[in-house]
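Numbers for residues simply follow the sequence, beginning at 1. First listed ligand is number 1; within each ligand, the first listed atom is number 1. Just so we're clear, the structure is a prediction, and the values are computed from it rather than from any experiment.
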Amino acid sequence: MKRTKGDNSREKEQENNTFSNVRMLLWVAVLWLILFSLFGNSKNPQRLEISYTEFKNSVKKGNITEITVEGQEVTGKFKEPVEGEPQSSFFGEKRTPQFSQFETAIPSFQDPKLMPLLEEKEVIVNAKEDGNSLLWSIAIGVIPWILIVGFFFYTSRKLRERMGGGAGGPFGFGKSKAKLYSKLTSKITFRDVAGLDNAKKELQEIVDFLKNPSKFSRLGGELPRGILLVGPPGVGKTLMARAVAGEANVPFYSISGSEFIEMFVGVGASRVRDMFNNAKKDSPSIIFIDELDSIGRVRGTGVGGGHDEREQTLNQILAEMDGFASHENVIVLAATNRPDVLDQALIRPGRFDRRITLELPQKKARKEILGVHTRGVPLGDNVNLDNIAVRSVGFSGADLKNLVNEAALLAARNEKKKVEAEEFEQARDKIIMGIEREDVIKEEEKRAVAYHEAGHAIVAQFYPGADPLEKVSIIPRGRALGATEQLPAEDRHNFSRSYLLGKVAVMLGGRAAEKIVFNDVTTGAGDDLKNATKLVRRMVCQWGMSEKVGPVAFRQGEQHPFLGREITEQRDFSEETARIIDEEVRKNIEKMENEAARILIEKRKKLDALVDGLLEHETLGRMEIEEILKRSESLLTAKAGG
Ligand code: ADP
Ligand code: MG
Ligand code: ZN
């Protein structure tokens, strides 16, 4: 059941040809205009331009032998050459040009005394029809219109091409012929998707169905039509949808929800209809709606303009999904990272009723993903994918792909034949902490930053249960002046209250160190405070982790400001509760800052040692940190002993 779709590309080519024709025409027109403005109006350099009065005076003096009248323009010959304005020549000397010809213009009101004067002085008068300039005036009148129409033609084509190409005249914006979606035959298979084993298992059933629909329908079974792929950005939702099409070897119609946003009114619904019709004709086939949340958001709460359009498009999708006949073997896949904002009508049975969750990859999957993306990359002997996988907790598939790419770019820049461990390390730092800035930082400031980061590090090291340290750095990156990185020992799904409080303590460790050492705080701790407050607030309001507030979850309109839902949701607690929450948040933060300060005071010698190390090396890895801490310990005991 394979259909070849070669003619699609030929159509495209043709379109491109007409395109370049239009462009050529435009260029010719523009060139014409430029030439015209350069030469059409240009003065003949051998003629002296004089005023009408000067002209008449010359006639009176008898210095003019012959004139030619063309429209209002008069050219003619002097009897005696006339001097023009002196001009500096190229070499600096002054020269006065001599003119034997002139040009001038007659005023549009007729001068009745001119003709008798000319006759009296016996000037030969030639009159010419000004047909030439008539032609020009027509051209001048018409060219701008040609240009405007041409431009319109051009842009409308361009627009339609952007929207997926297709036939139709220059004014056929809304015609349902025009396509927004694209049709592909996917070469990607499950082999290209690493990890995600659960999702693959669930989708295998769909693949089997698409490969052999009759096997299923014979038994009267009905497969779900609509499947929703849910997961954070970059986990491979789009990739997975393509892989399903590739595995089943069926046509794949894909459309992205966000593209609807830039669409003209009334077109979205017809595009959807068109796409479903074509997919049905091609059945078995797959329709893939990416970023479903941008059209499928809860209706009636749209903020800003254009949600009517969205609603119509959404309604059309719903109607099409309801209208499938049982012999039409079309599977509709959709992807979203915001299943919570989807309209209930979309996820009711019969529509997108099966939900497949794609999770961020665990260590094993991360290694496999790295394997997929390093297939064509020459790796150095010291590269250990296992190692990289361990140290990339929280990376999505897209992040890992990016990591490999960045490393390869770095290796190319260093003119290496293979990508080595250093490049992966640098690429990882860049992704996690941002790009290094080459700022010159004053010694004084550097010391403050070193204490701030060492403060985070020491608290992370000695707060029970905190994630182990991975790296401390005082190289400025992105907006930050330094960074402290911890590495969760394993991928966690569930966090305890004490673990989260430890996190808060580590966040506040930088500020606490500044306070202890300099008896002052800097703006550098602003972000830490913000993050700590956010975390504690969630602990209190969402996870019931405060005794005083109790095991209640409160809604907070803190999410995306453009997602209609949150905006309509009011705060669902009283002023009194709000006050208690604020108090609890503050109390918890204060408590954890004190806790951080206590640790730092107790480990002050280690803090100082770490700062010295940082000032010397700028970046310290886990091993180096451990060594410094151990050494300062032995020094202490040596002192105490001696
Ligand atoms: P999403 O649609 O979930 O935001 P994508 O499918 O667009 O993410 O993933 C972006 C890129 O990341 C993919 O093109 C692919 O190269 C890579 N990627 C993501 N997940 C995986 C995976 N499990 N295996 C291999 N590559 C992956
Ligand atoms: Mg995607
Ligand atoms: Zn900090």
Please state which protein non-hydrogen atom is closest to [atom] and give its distance, to 0.1 Å?
| atom | value |
| --- | --- |
| atom 2 (O) of ligand 1 | Thr238 OG1, 2.7 Å |
| atom 21 (C) of ligand 1 | Leu239 CD2, 3.7 Å |
| atom 14 (O) of ligand 1 | Lys401 NZ, 3.9 Å |
| atom 5 (P) of ligand 1 | Gly236 CA, 3.8 Å |
| atom 12 (O) of ligand 1 | Ala398 CA, 3.2 Å |
| atom 18 (N) of ligand 1 | Gly397 C, 3.7 Å |
| atom 23 (N) of ligand 1 | Ala194 O, 2.8 Å |
| atom 20 (N) of ligand 1 | Val235 O, 3.2 Å |

When rounded to the nearest 0.5 angstrom, what is the spacing between [atom1] in [X] and [atom2] in [Y]?
| X | Y | atom1 | atom2 | result |
| --- | --- | --- | --- | --- |
| Ile601 | Lys515 | CD1 | NZ | 10.5 Å |
| Leu203 | Leu358 | CG | CG | 8.0 Å |
| Ile474 | Leu481 | CD1 | CG | 10.0 Å |

Is it true that Glu514 and Arg511 make a salt bridge, defined as a side-chain N closer than 4.0 Å to a carboxylate O?
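No, Glu514 and Arg511 are not salt-bridged.
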Before accepting this row, confirm whether a basic side-chain N of the pair Lys237/Asp290 lies closer than 4.0 Å to the acidic partner's carboxylate O.
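Looking at Lys237 and Asp290, the cut-off is not met.
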Considering residues, nucleotides and ligands other than Leu409, do more than 12 of their heavy atoms fall under 6.0 Å from its CG?
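Yes, because the 6.0 Å sphere around CG of Leu409 holds more than 12 heavy atoms from other groups.
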Angle at the Zn ion (ligand 3), NE2 of His456 to OD2 of Asp528, rounded to 10 degrees, please.
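It comes to 100°.
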Does Gly234 have a non-hydrogen atom less than 4.0 Å from ligand 1?
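Contact present.
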Taking only heavy atoms of Pro233, which atoms of ligand 1 are found under 4.0 Å from at least one of them?
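Those of ligand 1 that fall under 4.0 Å from Pro233 are 4 (O).
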Pick one of side chain, backbone, both or neither for how Met240 approaches ligand 1, counting any non-hydrogen atom pair under 4.0 Å.
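For Met240, there is no contact with ligand 1 at all, from either part.
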What part of Leu196 sits under 4.0 Å from ligand 1 if we count only heavy atoms: the side chain, the backbone, both or neither?
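Answer for Leu196: side chain.
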Could you tell me whether Phe518 and Tyr451 have their ring centroids closer than 6.0 angstrom?
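That pair passes the under 6.0 Å test.
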If I take every N, O or S atom of Asp527, is at least one of them less than 2.8 Å from the Zn ion (ligand 3)?
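Looking at Asp527, which is the residue asked about, there is no N, O or S atom under 2.8 Å from the Zn ion (ligand 3).
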Indicate yes or no: at least one non-hydrogen side-chain atom of Val472 is less than 4.5 angstrom from one of Thr619.
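They are not in contact (no side-chain heavy atoms under 4.5 Å apart), so the answer is no.
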